[in-house]
Amino acid sequence: MPELPEVEVIRRGLAPRLVGRRFLTVEVGDKRLRQGSSPGQLARWLTGRRLMELNRRGKYLIFRLEGGATLLIHLGMTGRLLLGVPRNHGPHVHLFFTLEGGVTLAFQDVRRFGQALVFAPGEPLIPLEQVGREPFSRRVTPEWLAERAQGRTRPLKNFLLDGRVVAGIGNIYACEIMFAAGVHPATPAGALSLEAWQTVLNETRRILKRAIRQGGTTVNDYLNSRGETGLFQVELMVYGREGEPCRRCGSNIKRLVQAGRSTFFCPRCQPKKRHFS
DNA sequence: CTATAAACCTGCTGGC
DNA sequence: TGCCAGCAGGTTTATA
């Protein structure tokens with residue numbers, strides 16, 4: 001469920017409650033996550049250790065522990081990290097941590113696409129090696145995007161969803177970014193002009209920032225660390241609006257399938273020919 | 001290289 | 001009311 005804004009909102013909610021505290025206990029449920037370290041490994045590297053930092057890369061949360069171990073958490077589609085709920089908070093709590101000061105943290109994930117992997121000090125954080133650049137990084141420029149897209153025929157939608165290039169953009173925000181930039185989702189990535197990349201990048205940053213400020217987007221499952229929904233869903237221009245009128249021009253919002261995922265767009269605000277180089 | 005499709009799971013909705 | 005198809009915020013792997 002969570003894309004970059006939702007993960008960032010969760011991080012900001014967790015950090016003040018968790019950073020500086022020691023983990024006291026780690027409980028692991030019987031159902032397996034898609035990728036999860038063993039109960040023994042989790043206990044070994046977390047128990048008794050203080051959380052030094054809580055960072056984010058793309059859609060990953062990075063828990064830096066006293067002693068140098070690292071816990072990586074990815075929320076998949078339906079993962080939640082909830083503060084202060086009981087161990088038996090529904091049937092899908094797969095990890096339950098207690099920390100100093102009576103603080104508890106539950107990892108709940110209905111579909112179990114999430115990951116919770118612990119790495120010993122010095123061990124390479126393999127999942128992060130695939131993660132692309134942060135959208136807010138100064139190293140992401142129109143020139144760099146154009147270079148990465150050079151000669152590529154893949155649709156812009158697929159390019160934006162490829163977390164190995166720019167990290168953190170998922171299906172909702174990819175649709176919203178392309179609408180805001182006025183680009184048709186099937187435009188070959190390599191056909192965008194430098195000016196078009198500048199627009200796409202500006203809109204990416206504007207929308208992600210706004211979504212973070214609004215506490216993320218709740219369509220179905222997303223809740224922040226306090227169990228609250230986001231607010232950005234009321235600002236969505238195209239996502240999930242097939243058959244409804246475009247909020248800008250009134251045209252019918254269309255849906256198409258790209259890379260096995262629904263893409264929503266306005267055929268009038270996102271014409272095919274604009275922005276070609 | 002490119003692009004689907006399938007795989008991993010559960011739950012909800014809409015049509016009949 | 002029941003059943004079934006289709007869909008859902010993600011990522012990886014296989015296949016053509």
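Chain letters run A, B, ... following the sequence lines, proteins first, then strands; residues in each count from 1.
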Find the distance [X]:[atom1] to [N]:[atom2] and express it as a whole number of Å.
{"X": "A:M77", "N": "B:dC9", "atom1": "CE", "atom2": "C1'", "answer": "10 Å"}
{"X": "A:I73", "N": "C:dT11", "atom1": "CD1", "atom2": "C1'", "answer": "17 Å"}
{"X": "A:F113", "N": "B:dC9", "atom1": "CZ", "atom2": "P", "answer": "8 Å"}
{"X": "A:L75", "N": "B:dC9", "atom1": "CG", "atom2": "P", "answer": "18 Å"}
{"X": "A:I10", "N": "C:dG10", "atom1": "CD1", "atom2": "C1'", "answer": "14 Å"}
{"X": "A:E3", "N": "C:dT11", "atom1": "CD", "atom2": "P", "answer": "9 Å"}
{"X": "A:Y60", "N": "C:dG10", "atom1": "OH", "atom2": "C1'", "answer": "9 Å"}
{"X": "A:F159", "N": "B:dT2", "atom1": "CZ", "atom2": "P", "answer": "10 Å"}

Any side-chain donor paired with an acceptor under 3.5 Å for [X] and [Y]?
{"X": "A:T98", "Y": "A:T104", "value": "no"}
{"X": "A:Q130", "Y": "A:R164", "value": "no"}
{"X": "A:T217", "Y": "A:Y173", "value": "yes"}

Integer angstrom distance from the [atom1] of [N] to that of [M]:
{"N": "C:dC7", "M": "B:dT4", "atom1": "P", "result": "16 Å"}
{"N": "B:dA5", "M": "C:dG6", "atom1": "P", "result": "14 Å"}
{"N": "B:dC9", "M": "C:dC3", "atom1": "P", "result": "25 Å"}

Taking A:E242 first and then A:R255, would you say they form a salt bridge - that is, a charged N and a carboxylate O separated by under 4.0 Å?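 Answer for the salt bridge query: yes.
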Pairing of A:E134 and A:R57 as salt bridge, 4.0 angstrom limit: yes
Across the strands shown, which category fits [X] at heavy-atom distances under 4.0 angstrom: base, sugar-phosphate, nothing?
{"X": "A:R261", "answer": "base"}
{"X": "A:N171", "answer": "sugar-phosphate"}
{"X": "A:Y239", "answer": "sugar-phosphate"}
{"X": "A:S262", "answer": "sugar-phosphate"}
{"X": "A:G260", "answer": "nothing"}
{"X": "A:P155", "answer": "sugar-phosphate"}

Are A:R34 and B:dC9 close enough that a side-chain N or O sits under 4.0 Å from OP1 or OP2?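 Negative; the distance criterion is not met.
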Would you please confirm or rule out a distance under 4.0 Å between OP1 or OP2 of C:dC7 and any side-chain N or O of A:R255?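 Indeed, a polar side-chain atom of A:R255 lies that close.
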Student check: side-chain heavy atoms of A:E27 and A:L95 closer than 4.5 Å: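 No. Closest side-chain heavy atoms not under 4.5 Å.
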Criterion side chain to side chain donor-acceptor pair (under 3.5 Å) on A:T78 and A:R111, from CA distance to verdict: CA-CA 6 Å; A:T78 53; A:R111 289 173 74 182; 5.5 Å; no
Partner nucleotide, any strand, of C:dT11 [Watson-Crick/G-U, under 3.5 Å]: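 The answer is B:dA7, by the H-bond criterion.
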Nucleotides 10-12 of chain B: which of its N/O atoms have a protein N/O under 3.5 Å away?
from	atom 1	to	atom 2	distance (Å)
B:dT10	OP1	A:R112	NH2	2.6
B:dG11	OP1	A:H92	NE2	3.1

Under 30°, 30 to 60°, or over 60°: which ring-plane class applies to A:F159 and A:W197, parallel, tilted or perpendicular?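 A:F159 vs A:W197 ring planes: tilted.
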To the side chain of A:Q130, which of C:dT11, B:dC1, C:dT12 is closest?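 My answer, after comparing the listed nucleotides, is C:dT12.
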